Each structure stands twice: as C-alpha cells, then as structure tokens.
Amino acid sequence: MVGVPGRSKACVTCLKRKKRCDLEKPFCGTCRKARVECAGYFRPRIFINNTAENNNSQQLVKKGRIRSNGGDVALPRELARSAYQTKYIDLFWRLYFPNGHPSPTVVNATAGGWVDATQDLYISESVLKKTILALAISGVGRQEDDKSLREEGSKLYANSLQELTVALKDPRRGLSDAIFTAVRLAGFYESVYGTNDREIRQARGWQAHSAGVIALLVMRTPYAFISGHSHRLFTDGRAHLIMSCLRGRKRCVLAEPEWKMIPWLQQEKSPRDYLLDIIAELSGIFEDLDVMKTCDNPFEKERLKQQVIDSLLQMQQDLATWQALHAPDYEIPTKVPEEVSPQQVIGCHLMTSFWATVIVVVNNFQTLWEPAREIDPIFDLDICCGNIIRSFYIIIHPAMGIFRTHLTTYPMTVAIYYIREVGPQRLVEERRILADCLCDPAIAHVRQFINSMADDMPFEFLN
C-alpha cells in the first residue's frame with residue numbers, strides 16, 4: 001500500500017540533485033551554499049492503489065499510460081486522464097499543506113478551509129476542475145523544476161480562464177459556489193504562478209480576479225454566505241480581497257456593517273474574523289487620505305484630515321482590544337525551528353497580520369499628527385516590525401509548503417516598507433535577518449509578487 005522512502009538520510013533536495021548532503025538541520029549547508037531551496041528531511045509517503053493480484057507493482061500514470069513491472073500498458077482515455085489528474089492533485093495537496101497534510105487546527109483557524117469545499121465542488125464543475133488541476137501541475141512543476149509541467153499548467157490555466165468567461169455569462173452557473181471558487185483560485189494562481197512582462201503585471205492579474213470575486217459577492221448578497229461551503233469560502237477568501245482593496249486605496253464593500261454581520265448569523269466569529277473586520281476599514285481610510293491630499297479648500301482639507309485622524313485613533317483602540325481579547329499564545333522564534341507545529345502556523349498568521357496593521361495605522365497617524373504635539377504611543381513600531389521579521393523563520397521553513405503564500409505577502413510588504421523608512425541606523429539585526437530570508441528560494445515567488453505590486457521598491461536596499 002505504501003511506497004517506502006530510501007535509506008539515505010540526506011535531505012530531499014540533495015537526493016534529487018544527487019549531491020552529498022551534510023545533514024545539517026533544519027536546512028542542509030549544501031543547499032544553502034548552492035542557493036537552492038532545501039526541501040528538508042521529511043519524505044512523504046506515496047499512497048498507491050494496489051490489489052492482491054498485483055501486490056508488487058507500482059503504477060504511475062503519465063500521459064495516458066501506466067508504468068508497471070511488466071512495461072507500459074495502454075489505458076482507456078478517460079481512465080488515464082482521471083488517474084493523471086488524481087496523481088497531480090494529490091501531489092499538490094502534499095506540497096500545499098504545512099507538513100504535507102491538512103491539520104484541522106490550522107485549517108479551521110487560518111485560510112485553509114476552502115480546501116474541503118474545493119474537493120467537494122470540483123467534481124461537478126469543469127472550470128473549477130481545470131483551475132485546480134492547473135494549480136496542481138504548476139505547483140509540482142515548480143517543485144520538481146520541470147519546465148514541461150510548468151508550461152502544461154500555464155496552458156491549462158489559460159484554457160480555464162476562457163471557459164470561466166463563458167460560465168460567468170450563465171446566470172445560474174455564474175453564481176454557483178463552484179464558479180465562485182474557480183474565480184478565487186484564479187487569483188491565487190496569479191499570486192503564486194503569474195508572470196510579469198511588458199504588458200501584463202502579475203499583481204494586476206491578481207487584482208482583476210479579486211475585483212471579479214467582489215462583484216460576485218455583491219450579486220449574491222451577504223445572505224448567500226451564512227452557512228455551508230459558501231460561508232467557509234467567504235470567510236477564508238476575505239483576506240486577499242481586503243488586501244486587493246488596500247492596494248487600490250478604495251473603500252472595500254466588506255467593511256460595510258452587513259458584510260461584517262450577516263454571514264455570521266449562524267456561525268461564531270474566529271479571532272481571524274475579528275481581525276479582518278478591523279483591517280477592512282483601512283482601504284476606506286486610504287481613500288479619504290487621498291481625497292484630503294488633493295483638496296484645494298483649506299477648511300474642507302482640515303475637516304478631512306481630522307476625520308482621518310479620528311478613524312486611525314479608533315483603529316488603534318480596536319487593535320488594542322483585539323490583542324487583549326483574541327491574540328493567541330505565540331512565541332516569537334529566534335531561529336528556524338526544527339519543526340513547525342499547527343500552533344506556530346496559526347500564531348504566525350494572526351500575529352504578523354496584526355503587527356503589520358499596527359504599523360500601517362500608527363505610522364499614518366504619526367504622519368498626520370502635528371509634530372509639535374506629543375504622541376502617547378500604544379504600540380512600539382520597531383518591536384512590531386522586528387516581531388514580523390523574526391516570524392519569517394517559520395515562513396521559510398521547508399515544511400510550510402505553498403501554504404506559506406497565505407502568511408507572507410502582507411506582513412512582508414509592510415516590514416520592507418517600514419525598515420526602509422526608518423533607515424540603516426535602526427533595526428540593524430532585523431535588517432540582516434530580513435535580507436537573509438528574502439534570499440531564501442522558498443519565497444522567490446513572494447518576492448516576485450511584491451515587486452510586481454511596487455516596482456519602485458527594490459530589494460537591494462537591504463544589502
């Protein structure tokens with residue numbers, strides 16, 4: 001039933017590269033020197049369907065054929081396609097989840113609950129099936145450094161977008177949970193596997209899909225997300241929609257009271273839900289701030305300024321309340337841990353988002369407040385930034401998988417902006433840690449995505 005890993009104690013990457021591994025943990029020195037991502041020492045077991053009659057054969061589907069001890073055997077087209085898809089989707093989930101498997105604790109407390117909905121819905125909707133398969137093949141292709149798989153995943157994704165455009169024009173099909181999930185996963189694909197060229201920027205593709213998801217939300221109204229898969233898809237997907245609005249500096253519909261209340265009429269809010277309620281207010285403040293800056297009437301400008309200051313003060317109080325009532329027990333790491341526990345993943349996710357929001361709110365408040373007046377700070381921004389940066393020790397851990405994407409972009413963007421703003425004389429050690437983490441191959445796609453959102457923010461300033 002189970003393929004048993006080999007006897008070598010080398011890390012997974014050195015085994016694949018056929019290099020001598022120095023067995024250093026948690027990352028081997030051979031990979032570090034070569035500047036390649038060390039996949040760690042955990043080799044997941046591969047489950048293969050066997051029967052008593054064929055107990056010794058290991059079957060691997062590839063392009064319509066299976067390989068067994070007796071050679072290649074042709075399969076019926078539909079069966080071959082099904083086996084091929086199942087193989088790569090299964091491999092993708094192993095690459096996606098921290099430690100290679102879904103932990104109920106992590107799934108329920110973070111952004112992983114959409115997986116159950118996807119697995120239930122994709123069977124009945126061809127667009128969703130193609131989208132998740134494109135994610136799977138692209139993910140395996142990147143992990144294995146297989147150009148042909150990456151190209152196949154990209155082509156399948158392009159095909160899924162064409163079919164998605166048609167599906168959205170169908171009133172009944174377009175408002176289904178399956179299509180809603182497909183649009184959301186298309187945005188996830190852009191943020192992880194999207195590319196940048198002269199005409200199309202990765203962040204623009206991601207933001208376009210986010211705008212599409214918001215449009216579907218508005219069409220369905222908050223009452224469509226009270227229970228079942230719809231509720232989980234909504235609550236899990238709120239974060240990236242809010243971040244998209246932050247980048248656009250426009251008010252987010254999810255900040256309106258009905259969107260904060262109605263979807264939870266039958267459900268209890270989690271600490272993450274309460275935190276996102278606060279973060280959702282930021283994009284509206286940014287919009288007011290932009291209006292204030294361009295206002296020519298001095299009296300109106302002063303009124304708008306005071307309105308923004310009052311909003312930022314309220315957000316500081318809301319953040320302090322959240323910290324007192326909902327902040328998890330989270331020990332900030334001082335080095336890369338040997339293993340990553342579910343509690344560490346949850347703590348890292350919630351607290352880095354919290355500290356990033358604190359930095360954005362307080363920094364804007366201090367900029368607007370009259371310099372001559374003293375500020376009694378509720379939070380120390382240097383400490384918040386340092387906490388975020390040290391938490392990257394968890395994010396770059398090999399066991400985090402593709403799931404790290406959900407934890408990284410927002411806090412990393414804020415930390416980079418802040419540490420650049422304060423200058424090289426402050427946060428010296430944190431600057432060094434951040435530079436080392438940014439060089440880690442595990443977050444190469446995050447660096448690319450952040451650069452696509454802010455082309456004027458080079459990473460060289462950290463060197």
Side-chain angles (χ1 to χ4, degrees), residues 92 95-96 111 114 118 122 125-142 147 149-169 174 178-219 233 236-250 252-254 283 286 402-410 412-413 416 443-459:
F92 174 74
L95 295 173
Y96 174 79
W114 63 273
T118 300
Y122 95 101
E125 176 52 68
S126 61
V127 176
L128 180 55
K129 184 181 291 187
K130 286 182 179 179
T131 306
I132 191 65
L133 189 58
L135 271 170
I137 294 175
S138 296
V140 176
R142 173 179 286 178
K147 183 179 179 181
L149 280 181
R150 294 198 302 269
E151 291 176 349
E152 185 176 350
S154 179
K155 290 177 182 178
L156 188 60
Y157 174 64
N159 184 266
S160 73
L161 290 183
Q162 293 176 350
E163 190 172 334
L164 183 58
T165 301
V166 175
L168 288 169
K169 295 178 181 178
I179 294 299
F180 178 76
T181 307
V183 177
R184 184 199 163 182
L185 291 185
F188 182 55
Y189 186 98
E190 292 288 350
S191 67
V192 181
Y193 305 118
T195 57
N196 294 308
D197 56 35
R198 294 180 180 178
E199 298 179 358
I200 302 174
R201 304 300 296 172
Q202 183 182 8
R204 292 176 191 168
W206 165 74
Q207 201 157 8
H209 288 296
S210 297
V213 174
I214 291 176
L216 289 175
L217 289 176
V218 173
M219 291 174 66
L233 290 167
D236 279 359
R238 272 205 310 166
H240 83 274
L241 300 178
I242 292 170
M243 300 312 157
S244 176
C245 292
L246 283 176
R247 181 175 186 267
R249 300 179 71 86
K250 297 295 181 182
C252 183
V253 67
L254 300 181
S283 58
F286 285 170
I402 301 172
F403 190 85
R404 65 166 60 90
T405 305
H406 299 301
L407 283 64
T408 313
T409 306
Y410 174 51
M412 180 173 284
T413 302
I416 290 172
I443 58 171
H445 67 281
V446 178
R447 294 197 305 271
Q448 174 184 305
F449 185 54
I450 293 176
N451 273 326
S452 75
M453 290 195 291
D455 295 331
D456 61 341
M457 188 181 68
F459 289 96

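Numbers here simply count residues along the sequence, with the first being 1. Note that the coordinates shown come from a computational prediction; the quantities given were computed from them, not determined experimentally.
- Using a 4.5 Å heavy-atom cutoff, the side chains of Tyr157 and Ser138 are not in contact.
- The shortest side-chain heavy-atom distance between Lys169 and Thr165 falls under the 4.5 Å cut-off.
- When all heavy atoms of Leu149 and Gly141 are compared, the closest pair comes out as CB-CA, 3.7 Å.
- Between the CG atom in Leu216 and the CG atom in Leu168 there is a gap of 6.0 Å [rounded to 0.5 Å].
- Applying the side chain to side chain donor-acceptor pair (under 3.5 Å) criterion to Arg404, with sequence neighbours excluded, gives no partner residue.
- In this structure, Ser283 and Leu246 approach most closely via the heavy-atom pair N-CD2, 3.5 Å.
- You'll find the ring centres of Phe188 and His406 inside the 6.0 Å limit.
- A 4.5 Å side-chain heavy-atom check between Ile137 and Leu156 finds at least one atom pair inside the cut-off.
- Between Leu161 and His209, the closest side-chain pair of non-hydrogen atoms falls below 4.5 Å.
- Minimum heavy-atom separation, Leu241 to Leu217: CD1-CD1, 3.6 Å.
- In this structure, the side chains of Trp206 and Met243 come closer than 4.5 Å at one or more pairs of heavy atoms.
- Shown here are the side chain to side chain donor-acceptor pair (under 3.5 Å) partners of Lys130, two or more places apart in sequence or in another chain: Asn159, Glu163.
- Contact between Ala182 and Thr131 at its shortest, heavy atoms only, is O-CG2, 3.9 Å.
- The closest donor-acceptor contact from the side chain of Gln448 to the backbone of Gly194 lies under 3.5 Å.
- In terms of heavy-atom proximity, Glu125 sits nearest to Ala178 at CB-CB, 3.5 Å.
- Expressed to the nearest 0.5 Å, how far CG of Leu185 lies from CG of Leu164 amounts to 10.5 Å.
- You'll find the side chain of Asp236 reaches within 4.5 Å of the side chain of Arg184, heavy atoms only.
- Contact annotation: the side chain of Leu254 never approaches that of Cys245 to less than 4.5 Å [non-hydrogen atoms, C-beta and beyond].
- In this structure, the side chains of Arg142 and Ile402 stay at 4.5 Å or more apart for every pair of heavy atoms.
- With values rounded to the nearest 0.5 angstrom, Ile443 atom CD1 is found 14.0 Å from Phe449 atom CZ.
- The two atoms that bring Ile179 and Ala167 nearest to each other are CD1-CB, 3.7 Å, heavy atoms only.
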